[in-house]
Amino acid sequence: MESRRSAGGHRMFEADSATERLLLVRRLRALGLGLDSIIGVLQGERSIDEAVAAESARLDIEFRSLGWRRAALRAVETAVPAQRAGRLALLAAAQDGGAAHGCLQRFWWRMLAPIPRSDIDIYVGWNVPEPPADPSVDEVVAYAELAALAADPEFNRAVRQQLWRNQPELIRNPRELYVDVGELMTDVVPLVSEGVRPHGGKELDRFVNAHAGARGQCDSPNFREQLLLDATDADRRIHRYWALTGQFLGARITVGQAHNWVYNALAHSSGLQQAE
């Protein structure tokens, strides 16, 4: 088939190649490509490979959406009558996997503000699971519950209190505190993984010093009591959030588990009841 190249290097078919052009259109249509994509190929705006790749990506998104819808419908269908209305409301609020995932991302952006998003991408990527491509009934309900928690104002308040503790207005450099605590949590993860019981020591000291230094203060028994004042670490919603997250992350230790270890170490050192 005679052709020439566009400025972008793609093939452009001459007018006297009408038969070949028609054949190409039919073949691309048979593959499900839309009119705009086909015109783009014929006019040399994109190659056949690019058009096919774009259609394949679009179908991946569509299949994920259909997989979510199928699981959501089955979740409503299989719910006992007393739970059906609540489950329907939960799944309707989540909309679909992509929307629910976006809700979780925005939740962490709010919780970690004013830290720039570019600085927390790794945190969000590590702790926000992708929605399953073909979720089961249990998975679609669990993921929708995560999104519902993220949209709950009281849960938002509890998580912010857990992350920034008391008197957050005194924190002089939130980014520095975020980095210091983040590095500590990375070091605590192996302790959680190995089943080491929470205890006082260098990990707890680093946590206290990070918060004290951020507020221009020093570690002291009084400051440690301040860190425990109005603590929300034992909030059942926080534990539920990380339990649900763990269903999608498998054996990966979450930052929630690391935070819980540090809190229990602090509570134990102060003689308070630990979180479960």
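What you see is a predicted model; the values in this text were computed from it and never measured.
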Any idea which heavy atoms bring [X] and [Y] closest together, and the distance?
X: V181; Y: A210; answer: CG2-CB, 4.2 Å
X: R252; Y: W126; answer: NH1-O, 2.6 Å
X: S136; Y: A71; answer: O-CB, 3.8 Å
X: A99; Y: A94; answer: CB-O, 3.6 Å
X: T254; Y: T245; answer: CG2-CG2, 4.3 Å
X: L112; Y: W164; answer: O-CZ2, 4.0 Å

Exercise. Is there a donor-acceptor contact under 3.5 Å from the side chain of Q162 to the main chain of V159?
Worked result: no
For this session: Sorted by first residue and then second, give each side-chain hydrogen bond (donor to acceptor under 3.5 Å, both in side chains) pair with at least one member in residues 78-102; sequence neighbours left out.
Result: none
Check the surroundings of atom [atom1] in [X]: do more than 12 heavy atoms from other residues, nucleotides or ligands lie under 6.0 Å from it?
X: I122; atom1: CD1; result: no
X: R58; atom1: CZ; result: yes
X: R110; atom1: CZ; result: yes

Problem set entry | Test log, rule side-chain contact (heavy atoms from CB on, under 4.5 Å), inputs V124 and R117 | CA-CA 9 Å; V124 173; R117 291 183 187 178; over 6 Å; no
Are [X] and [Y] close enough for a salt bridge, meaning some N to O gap below 4.0 Å?
X: R175; Y: D119; answer: yes
X: E145; Y: R240; answer: yes
X: D138; Y: R74; answer: no
X: R46; Y: D36; answer: no
X: D134; Y: R64; answer: no

Exercise. Roughly how far, to the nearest 0.5 Å, is CZ of F155 from CZ of F107?
Worked result: 4.0 Å
Seminar exercise, completed: The reported gap from CD in E154 to CG in L149 (rounded to nearest 0.5 angstrom) is 12.5 Å
Exercise. Centroid-to-centroid, H211 to F207, below 6.0 Å?
Worked result: yes
Problem set entry | Side-chain H-bond candidate by donor/acceptor type, D233 with Q161, under 3.5 Å | no
Problem set entry | By ring-ring contact (aromatic ring centres under 6.0 Å, His included) - contacts of W108 (at least two apart) | Y123, W242
Exercise. Does L249 share a hydrophobic cluster with V255, counting links as ILVMFWY side-chain heavy atoms below 4.5 Å and allowing steps through other members?
Worked result: no
